[in-house]
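Quick caveat: nothing in here was measured; it's all calculated off a predicted structure. Residue numbers begin at 1 in each chain, while the letters A, B, ... track the order of the sequences.
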2 protein chains.
Amino acid sequence: MEQQFNILKKNGLSITEGRKKILELFLDAEGALAHADIEKHTDAAFDRVTVYRTLQTFVEKGIIHQIPTTDNAILYALCKDRCEEGHHHDEHVHFICDNCNKTICLDDVTVPDVKLPKGFQPLQSAMVVKGICDDCR
Amino acid sequence: MEQQFNILKKNGLSITEGRKKILELFLDAEGALAHADIEKHTDAAFDRVTVYRTLQTFVEKGIIHQIPTTDNAILYALCKDRCEEGHHHDEHVHFICDNCNKTICLDDVTVPDVKLPKGFQPLQSAMVVKGICDDCR
DNA sequence: ATAAAACTTGCAACAATAGTGCAAATTCTA
DNA sequence: TAGAATTTGCACTATTGTTGCAAGTTTTAT
Ligand SMILES: [Mn+2]
Ligand SMILES: [Mn+2]
Ligand SMILES: [Zn+2]
Ligand SMILES: [Zn+2]
């Protein structure tokens, strides 16, 4: 039985073609995907709106997480940690390659704690490192 | 002589109403500004396109820097470090308040180095912390 | 296996955000 | 103050994201 099926089942989601396909893309992807990537890779088999809604649902369920960027294109990647509905634990560093433009989850590199000024209460941290990835040098 | 004038002059930019006004907004702002904030605060005195181009120019010159977010709204804030044309040094942590929604440059909190897996060459790091700011608790 | 209930999808319409070419206006230089 | 250089606004286009709703699909309970 495919992994996609299990993930959807476990999260109480109906099994649909769109969800299976998009999940498959993430499972096969080397790096993170933007909405536009998904549309490309599915050959527009699914409506744009369906893709938006699927991504939204997956984020809510803790199946994928978002990666902040500086270029008006949210990136999404599979959660490999113990993320749950409404509660993510993706405190790993993300690496964006300036050359091949891939975004990679460094699952083993934890976002370090920083000492904040008095009065600031941290709840979630994200760290994005840009540079040259291991494939590109 | 106003600060705006000096900054523009130093960067070899023509002194125009729009640039002075937008720079003034950044100088007065408590936190970071998005494109939409600037339009609001200028009462649409300048064309939307002019605002885009001004922000772009300021980023290129190292006058402001971008802050990555997860909601398709790039934030911009004044560079307080020694940023130069094409070469930024804004290696400070950014704090986004979940309550008042302000984004604050923590200029004194440096983004910590992390040990990356073999082969990854870091060039620039960004760190965004979400939580409750000092004003809001 | 089947029907009803629950949920998901696609469509159409809309809204917000962003980029480009070009003529007119402004700023700079001399 | 004129001419050169730069910047601006406008019109148009493109991309990205949202919503309501009817039709289609999946699930659940018989
Ligand atoms: Mn990740
Ligand atoms: Mn900053
Ligand atoms: Zn690379
Ligand atoms: Zn706050």
Side-chain angles (χ1 to χ4, degrees), chain A residues 1-2 4-25 32-61 63-64 66-76 85 101 103, chain B residues 1-2 4-25 32-61 63-64 66-76 85 101 103:
Chain A
M1 208 180 276
E2 312 116 307
Q4 295 98 286
F5 187 93
N6 292 327
I7 294 174
L8 292 174
K9 210 76 210 212
K10 186 169 64 192
N11 285 282
L13 293 174
S14 308
I15 317 292
T16 69
E17 282 312 301
R19 286 174 179 171
K20 274 195 289 185
K21 179 62 190 167
I22 292 175
L23 202 38
E24 189 190 318
L25 280 181
L33 300 173
H35 175 100
D37 297 320
I38 291 165
E39 290 221 59
K40 247 165 256 155
H41 285 91
T42 53
D43 229 359
F46 310 102
D47 193 86
R48 216 159 41 81
V49 178
T50 301
V51 176
Y52 280 118
R53 291 197 272 227
T54 303
L55 290 172
Q56 208 175 272
T57 304
F58 285 2
V59 169
E60 278 161 14
K61 291 293 184 180
I63 299 173
I64 59 177
Q66 299 179 310
I67 302 165
T69 68
T70 214
D71 63 354
N72 286 325
I74 305 173
L75 293 171
Y76 301 86
E85 176 138 16
N101 215 37
T103 297
Chain B
M1 210 180 272
E2 313 114 306
Q4 295 99 286
F5 186 94
N6 292 326
I7 295 175
L8 293 173
K9 210 75 211 211
K10 186 168 65 193
N11 286 281
L13 293 172
S14 307
I15 316 293
T16 69
E17 280 313 301
R19 287 176 177 169
K20 274 195 290 185
K21 180 61 190 167
I22 292 175
L23 202 39
E24 188 189 320
L25 281 181
L33 300 173
H35 176 100
D37 298 320
I38 291 165
E39 291 222 57
K40 246 165 255 154
H41 286 90
T42 52
D43 229 358
F46 310 102
D47 192 86
R48 218 162 33 81
V49 178
T50 302
V51 176
Y52 281 120
R53 291 198 271 227
T54 304
L55 290 172
Q56 207 175 273
T57 304
F58 284 2
V59 170
E60 279 162 12
K61 291 293 184 178
I63 298 172
I64 60 178
Q66 299 179 310
I67 302 164
T69 68
T70 213
D71 64 352
N72 283 333
I74 305 173
L75 294 171
Y76 300 86
E85 175 138 17
N101 214 37
T103 297

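Between the CG atom of A/L55 and the P atom of D/dT16 there is a distance of 13 Å, rounded to whole Å. Atom CG of B/N11 is separated from atom P of D/dT7 by 12 Å (rounded to the nearest Å). Here the C1' atom of nucleotide C/dC7 and the CG atom of A/L8 are 14 Å apart, to the nearest Å. Residue B/F46 contributes atom CZ, which lies 13 Å from atom P of D/dC10 at whole-angstrom precision. The distance from atom NZ of B/K40 to atom C1' of C/dT17 is 13 Å, rounded to the nearest whole Å. Distance, A/R19 CZ to D/dT25 P: 15 Å, rounded to whole Å. Spacing between atom CD of B/E39 and atom P of D/dT8 amounts to 14 Å, rounded to whole angstrom units. At whole-Å resolution of the value, CG in B/L23 and P in D/dT7 are 15 Å apart.
Residue A/A32 comes nearest to A/L75 through the heavy atom pair CB-CB, 4.0 Å, listed as atom of the first residue, atom of the second, then distance. The two atoms that bring B/Q4 and B/L23 nearest to each other are O-CD2, 3.7 Å, heavy atoms only. Across all their heavy atoms, B/I74 and A/T70 have their closest contact at CD1-O, 2.9 Å.
A search for salt bridge (Lys or Arg N to Asp or Glu O under 4.0 Å) contacts involving B/E39 returns nothing, not counting sequence neighbours. For A/N101, there are no side chain to side chain contact (heavy atoms under 4.5 Å, CB included) partners at least two apart in sequence or on another chain. Applying the salt bridge (Lys or Arg N to Asp or Glu O under 4.0 Å) test to B/E17 and every residue at least two apart in sequence or in another chain returns B/K20. Residues meeting the side-chain hydrogen bond (donor to acceptor under 3.5 Å, both in side chains) test with B/D71, sequence neighbours left out: B/T69. By the side-chain hydrogen bond (donor to acceptor under 3.5 Å, both in side chains) test, B/K61 pairs with B/E85, sequence neighbours left out. By the side chain to side chain contact (heavy atoms under 4.5 Å, CB included) test, B/D37 pairs with B/L33, B/A34, B/K40, B/H41, sequence neighbours left out.
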Got a list of protein N/O to nucleotides 18-20 of chain C N/O distances below 3.5 Å?
{"residue": "C/dA18", "atom": "OP1", "partner": "A/N72", "partner atom": "OD1", "Å": "3.0"}
{"residue": "C/dA18", "atom": "OP1", "partner": "A/N72", "partner atom": "ND2", "Å": "2.6"}
{"residue": "C/dA18", "atom": "OP2", "partner": "B/Y52", "partner atom": "OH", "Å": "3.0"}
{"residue": "C/dA18", "atom": "O5'", "partner": "B/Y52", "partner atom": "OH", "Å": "3.4"}
{"residue": "C/dA18", "atom": "N7", "partner": "B/R48", "partner atom": "NH1", "Å": "2.8"}

Contacts under 3.5 Å, N or O only, protein and nucleotides 27-30 of chain C:
{"residue": "C/dC28", "atom": "OP1", "partner": "B/I15", "partner atom": "N", "Å": "2.6"}

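With the end axes of the helix from C/dA1-D/dT30 to C/dA30-D/dT1 each set by five pairs, the angle from one to the other reads 40° at 10° resolution.
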Quick one: side chains of residues 45-58 of chain B, donor-acceptor pairs under 3.5 Å with protein atoms, not counting sequence neighbours, listed by atom name and distance.
{"residue": "B/D47", "atom": "OD2", "partner": "B/V49", "partner atom": "N", "Å": "2.9"}
{"residue": "B/T54", "atom": "OG1", "partner": "B/T50", "partner atom": "O", "Å": "2.6"}
{"residue": "B/T57", "atom": "OG1", "partner": "B/R53", "partner atom": "O", "Å": "2.8"}

